[in-house]
A.B. asks: 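Attaching a single structure in structure tokens format; questions to follow.
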Amino acid sequence: MILRYASFGPRSLPGLRSPSSFLRPVLTPRYQPRWIPKPTLRAWESTTTGEGKTGHIDAAPNEAILWIDNLFPLKLSSLLRVPWKSPDEDLSELMKRFENSTLGVLDPINMVKRAIPEKAPIKVTEILPRLKDGGAFVKFTYPSNVPVKEIEAIVTKSLQEKPVRPFFSPWRGVQAGLVQGIPWLEDLHRFPKDRLRVEFVPKNPGEEAVELSQETLYSLFRRYGKIAEITSQPWDSKVLPRYAYVDFAFVRDAIMARNCLHGFVVPEELGGGKLGTRLRMSYEQRARPHRIWEWLSSHPRIVIPILVALLTGLTVIIFDPIRSFFVKAHVTGKFRLSNSRLYRWLRKQTSDILLFRREKADQAGLNTVWTHRKDLIDQIQKWLMETAETFIVVQGPRGSGKKELVLDQALKGRSNVLVIDCKPIVEARGESATIKKMASAVGYRPIFSYANSISSMVDLAVQSTTGVKAGFSETLESQLQKILQTTAAALTEIGVSNRNKTDPDASLPVDAYLEAHPEKRPVVVIDNFLHKGDTNAIVYDKIAEWAAVLVQSNIAHVIFLTNDASYSKSLSKSLPDRVFRQVALGDLSLDIAKRFVLSHISTIEEQPEATPDSGDASEKQPKPPTLPDLSELDECIGTLGGRLTDLEFLARRLKAGQNPKQAVAEITEQSASEILKMFLLPGKTTDDGEHKWSVEQAWYLVKSLSSSETLRYNEVLLHGTFANSTSAPNAESALEGLANAELITVKSNNGRPGLITAGKPVYQAAFRLLAQDPVLAAKMDLAVLGELAKVEAKTIEKVEAELALLGGLPKQPAQMSGRLAYLLSKLEASQKKIDGYEREMGGLKKILSSQY
């Protein structure tokens, strides 16, 4: 404990008195000293909010205040943010730690004593530390014959000659300044900043204050440190009181200026007006200039492309390896449950229990078909073993067993098979759903399909504000291309995954190695290719281009499964100089169809009969269904034809106990209902945007094929419902649309369309059933006649318009007689046709009004 000295000097610190000191002077407004008892307090334990926690320091005559700066680090001010502790208590605990420290040279008390020279004629009476401001107020008394400015000069000169540097600030020493105003010792959560807001308020309430100029402010504040900027209040601002901003280069200079000049009254000679102007200061956060951000925001044409490139590169670096891994896992089935050893063992052990007789019957029926098509299966397997480019197309009507032929037979036991079903991809609604379905088909994940919509909105917003397209959004074409490129890279890695360094051809490039080893190439099966014709054609085009790249680069074998007989138009765009390996699947012959049905129902006969010894257990077993009478099967097979799906449907009905005639009759009625619903109901016209044909055209084909198994292609085109249709004027597109919908089948003759037949063999019987319905036939014939009557009415209208034009001529030359005769004969022929149509329509209306 340092004792208080009686003489003037830096060691005369009243807070450093002995424990026996209990009294200190308190100055009243009249500056009459009186003595009151007070508990012993060390100097650093004095309050930080002034005497009586008023926030101000009283100074008697011949008494002044010095501000000693840089005693504490400013970072300690964060301790005052703790809301559940008093700043005074924090300060006391902190100072106790300082006093107990062995580093006495670094003690703040020691620095205060060293900052005030011994030759200074002052006596320190009180010290008030300001931890938040990093310094302390030192109150002292001085002789009346010594100007206080001289004392400030002595202290300042001493600090310049013998600087006192704290341990936390080796470059900036302790500084001192005379307090000229009335400092505000607040303990609010307002922390020092390098900007001061200087408000100009009157000396006394009710008086008028003067706004100081920047020159005056500079002369007052420059002594405390380097000033970066002085900003006056805008002239049109209505904010009162008037103010100005003084920005210092360093925060400690702003602290020094605020603690020395807060409450200072600027006299008239310094520009403060007749009554004087008081300065009131507070800290404010200065908006730092964000030069980098300003440059980025002001150059969008440069920044946005760079940002897009960086994001793209980041996506490639992070997500592409993950997506490639998932694609490889999807193709190889690495994480598929059915490929695990445990699952295969359980399936083998429980095959006799869990395998139902229905599955055995289905497999037996298919074995008959595969035996019949053994040459096609062997041909596909042979093509897959050739080193040449393998581009196989398996074409056949729906239900002919294309997928089962390829996946279950030709590729049986082969690993690394990727199946892409185009049907859910094409039928997806919206670009996001299409992208999601395509990614799911190849195992491409993670996929952020929703991000494309968000990116489109962001791109539109950026383009509308900056005039430059940001490029954040991607089109459907680019998204599909990215997915397929990643899949191609994954397939390449799968093809060379089993290559060893010891192989003789290990040094070959990847494409050459895969060309030499066709058995190691993955197989890509594209199912339902051209499922809906031209609908969402971009998907088919991208898949065809991608498949061409796979084949040409020897990455994989590609097999297309399609129902469309005109597939060569789409595939020739991608491989114009290649010959496709084609496999055409048709309907089964009647003999094979009969054997297929019999093999399905033969399991009923093979069921073991219950023995007498089985007792009650045999009585509880359900009786097997009775084998139906198959004497009429040959006739019924001729009606159904050899379509695989229809034969399976017939076999299930026969196993259920129906006789062949009854089963075929129900199948025919169901097919007729499908035709009626899909092709003949009102609204199935080209106006719905999906169909290219009209109801009248579909009915003409149904009625014509009900009486004849084949129609001439060109003869159908010349009929009025196709040649002069008002709702579907393109006759060939209408026939192509009906063929894609499988109502009809167009067969080629010497490479050109020649014959038209029913889409499925069972449709021939369904057409006859529909044509035999008098009400339906009358209704549809009425619509056809109405369509033909409209065509003839338009012809008459055109003829009458031309006749009126010719009749308006001033003279009728002789050369016009032939044209007039032609127009009149055409008018007469059209009118006769309309009369005939009207008579037929009258009879049809009577049928509709009299029958149900």
A.B. asks: Other residues, nucleotides and ligands only: do more than 12 of their heavy atoms fall within 6.0 Å of NZ on Lys437?
C.D. replies: no

A.B. asks: Drop me the distance from Glu63's CD to Thr141's OG1, to the nearest 0.5 angstrom.
C.D. replies: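 Nearest 0.5 Å value for the CD-OG1 distance: 6.5 Å.
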
A.B. asks: How long is the gap from CG on Leu159 to CD1 on Ile116, to the nearest 0.5 Å?
C.D. replies: 9.0 Å

A.B. asks: For the backbone of Ile435 and the side chain of Gln479, can you confirm whether one donor and one acceptor N or O come within less than 3.5 Å of each other?
C.D. replies: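 No, because the side chain of Gln479 does not come within donor-acceptor range (under 3.5 Å) of the backbone of Ile435.
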
A.B. asks: For the side chain of Thr231 and the backbone of Tyr245, is there at least one donor-acceptor N/O pair under 3.5 Å apart?
C.D. replies: no

A.B. asks: Using a 4.5 Å cut-off on heavy atoms from C-beta on, say whether the side chain of Asn62 contacts that of Pro143.
C.D. replies: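 The answer is no, as the side chains (C-beta and beyond) never meet within the 4.5 Å cut-off.
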
A.B. asks: Taking all heavy atoms of Ala176 and all of Ile68, pick out the closest pair and write down the distance.
C.D. replies: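 In terms of heavy atoms, the two residues are closest at CB-CD1, 3.7 Å.
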
A.B. asks: Run the side-chain hydrogen bond (donor to acceptor under 3.5 Å, both in side chains) test against Tyr243 and tell me which residues pass, sequence neighbours left out.
C.D. replies: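 With neighbours one apart ignored, the set is empty.
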
A.B. asks: Kindly indicate whether the side chain of Met438, heavy atoms from C-beta on, has any atom under 4.5 Å from the side chain of Ile447.
C.D. replies: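 No. Closest side-chain heavy atoms not under 4.5 Å.
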
A.B. asks: Kindly state each residue pair satisfying salt bridge (charged side-chain N to carboxylate O under 4.0 Å, His left out) with at least one member in residues 210-225, sequence neighbours excluded.
C.D. replies: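 For residues 210-225: Glu211-Arg242.
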
A.B. asks: What is the ring orientation for His299 with Trp295, classed by angle as parallel under 30°, tilted 30 to 60°, or perpendicular over 60°?
C.D. replies: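 The rings of His299 and Trp295 lie parallel, inter-plane angle below 30°.
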
A.B. asks: Just wondering, do Leu270 and Pro267 contact through their side chains at under 4.5 Å, heavy atoms?
C.D. replies: yes

A.B. asks: Are the side chain of His262 and the backbone N or O of Met281 linked by a donor-acceptor pair below 3.5 Å?
C.D. replies: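 Yes; judged by distance alone, with no hydrogens or angles, the pair exists.
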
A.B. asks: What closest approach, in Å, do Pro446 and Phe319 show between heavy atoms, and which atom pair accounts for it?
C.D. replies: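 Taking every non-hydrogen atom into account, CG-CD2, 3.9 Å.
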
A.B. asks: Please confirm whether the backbone N or O of Ile154 pairs with a side-chain atom of Ser158, one donor and one acceptor, at under 3.5 Å?
C.D. replies: no

A.B. asks: Once rounded to the nearest 0.5 Å, what's the spacing between atom CD of Glu229 and atom CZ of Arg286?
C.D. replies: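 One gets 9.0 Å once the value is rounded to the nearest 0.5 Å.
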
A.B. asks: Treating Asn70 as the side-chain partner and Arg172 as the backbone partner, does any N or O pair qualify as donor plus acceptor under 3.5 Å?
C.D. replies: yes

A.B. asks: Answer yes or no: is there a side-chain heavy-atom contact under 4.5 Å between Pro129 and Phe72?
C.D. replies: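 In short, these two side chains touch, coming nearer than 4.5 Å.
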
A.B. asks: Calculate, to the nearest 0.5 Å, the distance between atoms CG and CG belonging to Leu128 and Leu185 respectively.
C.D. replies: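 Going from CG on Leu128 over to CG on Leu185, the span is 6.0 Å.
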
A.B. asks: Kindly give the heavy-atom pair with the smallest separation between Val164 and Met111, and that separation in Å.
C.D. replies: CG1-CG, 4.0 Å

A.B. asks: Please check: side-chain N/O of Thr125 versus main-chain N/O of Lys139, any donor-acceptor pairing under 3.5 Å?
C.D. replies: yes

A.B. asks: For Glu294, does the CD atom have more than 12 heavy-atom neighbours from other residues, nucleotides or ligands under 6.0 Å away?
C.D. replies: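 Enclosed: over 12 neighbouring heavy atoms sit under 6.0 Å from CD of Glu294.
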
A.B. asks: Give every residue pair that meets the salt bridge (charged side-chain N to carboxylate O under 4.0 Å, His left out) criterion with at least one member in residues 256-278, sequence neighbours excluded.
C.D. replies: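 Pairs touching residues 256-278 that pass the test: Glu186-Arg258.
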
A.B. asks: Could you tell me whether Lys226 and Asp253 have a side-chain N and a carboxylate O separated by less than 4.0 Å?
C.D. replies: no

A.B. asks: Does Glu284 pair with Lys193 as a salt bridge, N-O distance under 4.0 Å?
C.D. replies: no

A.B. asks: Is a side-chain N or O of Ser440 found less than 3.5 angstrom from the main chain of Lys436, in a donor-acceptor match?
C.D. replies: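 Pair absent, no side-chain N/O of Ser440 close to backbone of Lys436.
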
A.B. asks: Decide yes or no for Pro192 and Tyr283: does some side-chain heavy atom of the first lie under 4.5 Å from some side-chain heavy atom of the second?
C.D. replies: yes

